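This one's a predicted model, so the numbers in the text were calculated from it and none came from an experiment. Values below: all heavy atoms of this structure, side chains included; hydrogens, waters and symmetry mates excluded.
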Amino acid sequence: MATWVVGDVQGCYRTLDKLARRLGWASGRDRIVFCGDLVNRGPRSADVLRWAREYGAEAVLGNHDMHLLARAEGLAPAKRRDTLDDVLGAKDRDELLGWLRARPLLWRAGAFAVVHAGLLPQWSADDAEALARETEVAVRGRFAELWATPTADAWDEGLRGLARARLVLAVMTRLRVCDADGRIDLSFDGAPADAPKKLRPWFEHYRAPETVVFGHWSALGLYVGDRAICLDTGCVWGGTLSAVCLDDRSLVQEPCVDRAM
């Protein structure tokens, strides 16, 4: 059995199908874990969700997945580049959204953790997993309240309740840069060299021994370090869809055959 982690698909269904075939992946034998952002910007978000649900794939929630859930609840307006109508208008909408909402924020196996965006320097892998489980309860049960809660700009052990969950959600689905004390800037989406003063890529401050596999940062692109692997290689923008095998760290990339709409 092989375990593959796949980068941001974002509705690029045909590219996903080609990648799965190239991996020699077989349902029931091998495992696929998506590192978030299954949907949006690409042309076939609903089909990507159906594929993942039908074949029993694992996935963590990304910021575009959260935006879809918020739109479905009437909590967020449509954005200019949204391509979510195929999900929101689907006959199997409730099944697809229910499956998506039940996804975790962090997936962990052995020496690896998968998260969409990043982790803070104060967190061990055990801390991050516990915080993810806490926050998932709020996503599934108090989503409207959680979505309306302001996001703190730094980690504080004293945070409690929805304020704590809101920061954890923001970090795990949107983080790119922070400082050594856990202060974050969620607005930054450029290349690491252009990060605001005193802020660095989150993985430069990361201290836990587990390797974190993540996406979310197309301006960073493919990054393979000892304890951090970024798989967002801009598939939806005409790049590639990337996958890493956790068994031997081998990489496979499939050129995009879909395009942002």
Side-chain angles (χ1 to χ4, degrees), residues 8 35-41 60-82 84 88 97 100-106 113 115-124 126-190 192 194-206 212 214-220 232:
D8 304 41
C35 61
D37 279 4
L38 289 167
V39 303
N40 211 11
R41 305 286 173 82
V60 297
L61 288 166
N63 57 302
H64 284 284
D65 308 316
M66 294 305 305
H67 177 60
L68 169 58
L69 294 174
R71 279 199 57 189
E73 295 289 332
L75 302 174
K79 295 181 180 179
R80 182 174 61 86
R81 291 180 172 176
D82 278 358
L84 298 170
L88 295 171
L97 293 174
L100 187 62
R101 188 187 294 271
R103 295 313 95 203
L105 287 165
L106 182 144
V115 68
H116 179 60
L119 302 177
L120 290 179
Q122 293 91 337
W123 300 347
S124 68
D126 287 342
D127 293 334
E129 187 171 20
L131 289 166
R133 299 297 91 85
E134 284 180 27
T135 304
E136 289 153 17
V137 171
V139 169
R140 295 162 193 167
R142 302 177 66 186
F143 187 53
E145 295 172 81
L146 177 66
W147 198 255
T149 301
T151 303
D153 63 1
W155 176 248
D156 183 339
E157 292 289 348
L159 286 170
R160 292 291 182 268
L162 290 177
R164 175 179 167 118
R166 192 69 173 95
L167 180 58
V168 172
L169 179 64
V171 167
M172 292 190 179
T173 62
R174 297 173 58 199
L175 182 68
R176 294 185 179 96
V177 294
C178 66
D179 68 14
D181 297 320
R183 187 164 299 279
I184 62 178
D185 180 350
L186 297 176
S187 66
F188 177 73
D189 63 359
D194 299 324
K197 187 177 181 181
K198 297 184 179 180
L199 299 182
R200 301 298 304 153
W202 66 268
F203 49 84
E204 292 188 11
H205 298 298
Y206 174 68
V212 180
F214 64 104
H216 185 59
W217 200 350
S218 61
L220 171 65
D232 185 358

Minimum-distance pair of heavy atoms, taken over all atoms of [X] and [Y]:
X      : Y      : answer
Ala152 : Ile184 : O-CD1, 3.9 Å
Ala132 : Leu106 : CB-CB, 3.9 Å
Gly118 : Leu175 : C-CD2, 4.1 Å

Side-chain heavy-atom pair [X], [Y] within 4.5 angstrom cut-off:
X      : Y      : answer
Asp153 : Asp185 : no
Leu97  : Leu68  : yes
Trp202 : Val171 : no
Arg133 : Pro104 : yes

Check: Who passes salt bridge (charged side-chain N to carboxylate O under 4.0 Å, His left out) against Asp179, sequence neighbours left out?
Finding: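 In terms of salt bridge (charged side-chain N to carboxylate O under 4.0 Å, His left out), with neighbours along the sequence ignored, Asp179 is linked to no residue.
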Distance from [X] atom [atom1] to [Y] atom [atom2], nearest 0.5 Å?
X      : Y      : atom1 : atom2 : value
Asp127 : Gln122 : CG    : CD    : 10.0 Å
Met172 : Leu120 : CE    : CG    : 8.5 Å
Leu69  : Arg71  : CG    : CZ    : 12.0 Å
Leu220 : Phe203 : CG    : CZ    : 5.0 Å
Arg41  : His64  : CZ    : NE2   : 4.5 Å
Leu61  : Leu38  : CG    : CG    : 9.0 Å

Expected output: side-chain [X] to main-chain [Y] donor-acceptor under 3.5 Å:
X      : Y      : value
Asp37  : Asn63  : yes
Trp217 : Pro192 : no
Asp232 : Gly215 : no
Arg176 : Phe188 : yes

Check: Quick one: ring-ring contact (aromatic ring centres under 6.0 Å, His included) partners of His216, sequence neighbours excluded?
Finding: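 Counting only residues at least two positions away or on another chain, His216 forms a ring-ring contact (aromatic ring centres under 6.0 Å, His included) with His116.
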Residues 156-169, side-chain donor-acceptor partners within the protein, below 3.5 Å, at least two apart:
{"residue": "Asp156", "atom": "OD1", "partner": "Gly158", "partner atom": "N", "Å": "2.7"}
{"residue": "Glu157", "atom": "OE2", "partner": "Trp155", "partner atom": "NE1", "Å": "3.2"}
{"residue": "Arg160", "atom": "NH1", "partner": "Glu157", "partner atom": "O", "Å": "2.7"}
{"residue": "Arg164", "atom": "NE", "partner": "Glu134", "partner atom": "OE1", "Å": "3.0"}
{"residue": "Arg164", "atom": "NH1", "partner": "Leu159", "partner atom": "O", "Å": "3.4"}
{"residue": "Arg164", "atom": "NH2", "partner": "Glu134", "partner atom": "OE2", "Å": "3.3"}
{"residue": "Arg166", "atom": "NE", "partner": "Leu146", "partner atom": "O", "Å": "3.1"}
{"residue": "Arg166", "atom": "NE", "partner": "Thr149", "partner atom": "O", "Å": "3.2"}

Item checked: For Ala70, all residues meeting side-chain contact (heavy atoms from CB on, under 4.5 Å), sequence neighbours excluded ->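 Result, side-chain contact (heavy atoms from CB on, under 4.5 Å) vs Ala70: Leu75, Ala76, Phe143, Trp147.
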Check: Among pairs that include at least one residue of residues 156-180, which meet ring pair (Phe, Tyr, Trp, His ring centres under 6.0 Å), considering only residues two or more places apart or in two chains?
Finding: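 Not a single pair qualifies under ring pair (Phe, Tyr, Trp, His ring centres under 6.0 Å).
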Notebook entry, point to check: Among Asp82, Asp8, Asp65, whose side-chain contact (heavy atoms from CB on, under 4.5 Å) with Val39 holds?
Noted result: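 Only one option passes, and that is Asp65.
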Checklist line | Qualifying salt bridge (Lys or Arg N to Asp or Glu O under 4.0 Å) pairs, either residue in residues 139-149, two or more places apart | finding: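 Found Glu136-Arg140, Arg142-Glu145.
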